[in-house]
Engineer: 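I have a structure here, written as C-alpha cells, and I will follow up with some questions on it.
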Amino acid sequence: MENLKSLTEALEQCDKVILNGLLMRNRIVEDMVSYKEANGIPILQPGQEAKLREWLKEETKGKRHPDEVINVFESISENAKRIRAQKLFDYNIVLIGFMGAGKSTISKYLSSVFAMDIIEMDQIIAEREGMSISDIFEVHGEQYFRDAETNLLIEMQSRKNTIISCGGGTPMRDCNVVEMKKNGRVILLNAKPETIYERVKDSHDRPLIENSKNVPFIAKLMEQRREKYTAAADIIIQTDGKNKLEICEELIQSLLVFDSRETDKG
Ligand code: S3P
C-alpha cells in the first residue's frame, strides 16, 4: 500500500511538471507572436512543424511508448496553432472573390497553419440541400441559393476564429456584406481573368460560367462585380504569381495593419 501511495505521488509530480511545462510553452508561443508582430517579422514559419516532428522522432528512438508521446506532441502542436490564431484574430476571416480566385485554396492553407475551422459556404449549402450547386440552381433557382447564403452568414456570426470561404456571388447582395462584417474581416482575393480561366477551365460545378468558359466572358462578369467586391473588402490581395505562403503572409500582415488602425480609431 505504501508503495502504491508513493507511485501515485510520483505520478502527480509528473503531471505538475507537464502542466507547468505546457503553461510555459503556451506563454512562449504567445510571446513569439507578439515579438514577430512588434518587429515586423513574418508570422508564418514553414518548416518549424516538420523540424519538431524530426526532433521528436530522434528523441523517442529506443524509448518506451514513442507513438503515444508523438501523439501528445501532435496535439500540443495543433493547440499552439490555435493559440497563435486566437492571439492574432479575434474574429472570423471572410474570404471573397471571383470563382477561381483561390478562396478555397487559401482557406485550406490558413486552416492548416492556424488550426482554424473552415466554413466552405458552397459545400455546406450543397450538403444541407443534398444536391450539387448546379442542381440547386436548376431545381430551386438562383434566388433560393442566394437566400441560403444569407442565412448561413447570419448563422456564422456566433462563431469566432473561423475561416468563411464565400461563394463568388455572396458579396453581390448588400445585406450579405453587412452580415459578414458583423463578426468578420472581409478579404478580397483578386486575380486576372486569364489566371481565373486557367483555374476554372476543367471544373463543371459553376453554373454561371459553365457554358461560357472563356477569358472575355470571365473578364466581363468580373468587371460587373468589381465595384461590389471592392466596396465589401476590408483588405484586397492580388494573388497572381504568388504562392500560398506569400498570399497568407500578406493577408496576415494586412490584417494586423487593419486591426491596429481600427484600434486607433477606438
Ligand atoms: C458563384 C460562385 C460559386 C458558387 C455558385 C455561384 C458566383 O462559388 O457559389 O456557382 O455567383 O460567382 P465559387 O466562387 O466558390 O466557385
Side-chain angles (χ1 to χ4, degrees), residues 92-111 116-156 162-180 184 186-233 235-240 242 244 247-248 251:
N92 293 330
I93 295 181
V94 185
L95 296 178
I96 62 167
F98 202 77
M99 293 165 256
K103 296 169 301 246
S104 304
T105 308
I106 294 306
S107 295
K108 281 193 199 119
Y109 192 79
L110 270 182
S111 162
M116 290 165 84
D117 288 340
I118 304 179
I119 296 297
E120 184 69 55
M121 287 186 60
D122 280 353
Q123 194 185 322
I124 299 227
I125 294 171
E127 271 166 23
R128 287 184 179 175
E129 294 296 325
M131 60 178 98
S132 70
I133 300 295
S134 302
D135 287 347
I136 298 175
F137 269 63
E138 208 174 305
V139 176
H140 298 295
E142 182 170 349
Q143 199 63 25
Y144 180 90
F145 173 74
R146 299 299 175 196
D147 289 342
E149 288 186 306
T150 306
N151 292 334
L152 188 53
L153 282 172
I154 294 171
E155 199 182 315
M156 287 308 124
T162 297
I163 303 158
I164 302 175
S165 176
C166 297
T170 317
M172 299 308 290
R173 266 194 181 180
D174 293 344
C175 69
N176 285 355
V177 177
V178 172
E179 301 304 338
M180 283 174 201
V186 181
I187 322 278
L188 169 61
L189 299 179
N190 262 344
K192 290 188 198 135
E194 292 77 10
T195 312
I196 297 284
Y197 172 73
E198 281 307 314
R199 292 181 187 157
V200 302
K201 68 178 194 296
D202 298 323
S203 74
H204 297 285
D205 54 359
R206 295 178 169 107
L208 292 183
I209 52 170
E210 183 57 20
N211 298 321
S212 342
K213 256 187 256 161
N214 56 67
V215 174
F217 182 81
I218 289 171
K220 196 171 139 216
L221 189 53
M222 278 176 85
E223 202 41 50
Q224 284 167 10
R225 290 182 166 191
R226 185 178 307 280
E227 206 181 317
K228 292 251 183 206
Y229 278 2
T230 311
I235 286 160
I236 301 177
I237 297 184
Q238 199 62 36
T239 63
D240 303 277
K242 294 179 190 157
K244 288 183 267 190
I247 294 168
C248 288
L251 187 156

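Ligands are counted one by one from 1 in listed order, and the atoms in each one are counted from 1 as well. Bear in mind that the values here come from a model prediction, so they are computed numbers and not experimental data.
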Engineer: Report, as yes or no, whether the 6.0 Å neighbourhood of atom CD on Gln238 holds more than 12 heavy atoms from other residues, nucleotides or ligands.
Structural biologist: yes

Engineer: Suppose I only count heavy atoms of Phe145 and a 4.0 Å limit; which atoms of ligand 1 are within that range?
Structural biologist: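 What qualifies from ligand 1 is 9 (O).
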
Engineer: Of the protein's non-hydrogen atoms, which lies at the shortest distance from atom 14 (O) of ligand 1, and what is that distance?
Structural biologist: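 Nearest protein contact, heavy atoms only, for atom 14 (O) of ligand 1 is Lys103 NZ, 2.6 Å.
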
Engineer: Quick one: does ligand 1 sit under 4.0 Å from the side chain of Thr170, the backbone, both or neither, non-hydrogen atoms only?
Structural biologist: neither

Engineer: Give me the residue, atom name and distance of the protein heavy atom closest to atom 5 (C) of ligand 1.
Structural biologist: Ile133 CG2, 3.8 Å

Engineer: Which label fits Phe98 and Tyr229: parallel for a plane angle under 30°, tilted from 30 to 60°, or perpendicular past 60°?
Structural biologist: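 Perpendicular: the ring planes of Phe98 and Tyr229 meet at over 60°.
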
Engineer: More than 12 heavy atoms of other residues, nucleotides or ligands under 6.0 Å from NZ of Lys244: is that the case?
Structural biologist: no

Engineer: Between Glu120 and Ser107, do the side chains contain an N or O donor and an N or O acceptor separated by less than 3.5 Å?
Structural biologist: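 No, because no side-chain N or O of Glu120 sits under 3.5 Å from a partner of the opposite role on Ser107.
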
Engineer: Which part of Met172 is near ligand 1, with near meaning a heavy atom under 4.0 Å away: side chain, backbone, both or neither?
Structural biologist: neither

Engineer: Taking only non-hydrogen atoms of Met121, do any sit less than 4.0 angstrom from ligand 1?
Structural biologist: no

Engineer: Which pair of heavy atoms, one from Asp122 and one from Ile133, lies closest together, and at what distance?
Structural biologist: O-CD1, 3.4 Å

Engineer: Quick check: are there more than 12 heavy atoms from other residues, nucleotides or ligands sitting under 6.0 Å from CD of Glu227?
Structural biologist: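 Counting other residues, nucleotides and ligands, CD of Glu227 stays at 12 neighbours or fewer.
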
Engineer: Note the single closest protein heavy atom to atom 10 (O) of ligand 1, along with its residue, its atom name and the distance in Å.
Structural biologist: Pro207 CD, 3.5 Å

Engineer: My understanding is that we take every heavy atom of each candidate and find the minimum distance to atom 3 (C) of ligand 1. Doing that for Leu208, Asp205, Asp122, which one comes out nearest?
Structural biologist: Asp122

Engineer: Quick check: Gly168 and ligand 1, any N/O pair under 3.5 Å apart?
Structural biologist: yes

Engineer: Measuring from non-hydrogen atoms of Arg146 to any atom of ligand 1, is the shortest distance under 4.0 Å?
Structural biologist: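 The answer is yes, since Arg146 has a heavy atom less than 4.0 Å from ligand 1.
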
Engineer: Could an N or O of ligand 1 be found under 3.5 Å from any N or O of Glu120, whether backbone or side chain?
Structural biologist: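 By distance alone, the answer is no.
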
Engineer: Should Arg225 be counted as touching ligand 1, given the test is an N or O pair under 3.5 Å?
Structural biologist: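 For ligand 1, there is an N or O atom that lies under 3.5 Å from one belonging to Arg225.
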
Engineer: Please indicate whether any nitrogen or oxygen in Gly169 is less than 3.5 Å from any nitrogen or oxygen in ligand 1.
Structural biologist: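 N/O-N/O distance under 3.5 Å: yes.
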
Engineer: Is any side-chain heavy atom of Ser203 closer than 4.5 Å to a side-chain heavy atom of Met99?
Structural biologist: no

Engineer: Side-chain contact, heavy-atom cut-off 4.5 Å: Thr105 with Arg199?
Structural biologist: no

Engineer: Counting both backbone and side chain atoms, is some N or O of Arg206 under 3.5 Å from an N or O of ligand 1?
Structural biologist: yes

Engineer: Can you confirm whether Lys213 is buried at NZ, in the sense that more than 12 heavy atoms of other residues, nucleotides or ligands lie under 6.0 Å from that atom?
Structural biologist: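 Counting other residues, nucleotides and ligands, NZ of Lys213 exceeds 12 neighbours.
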
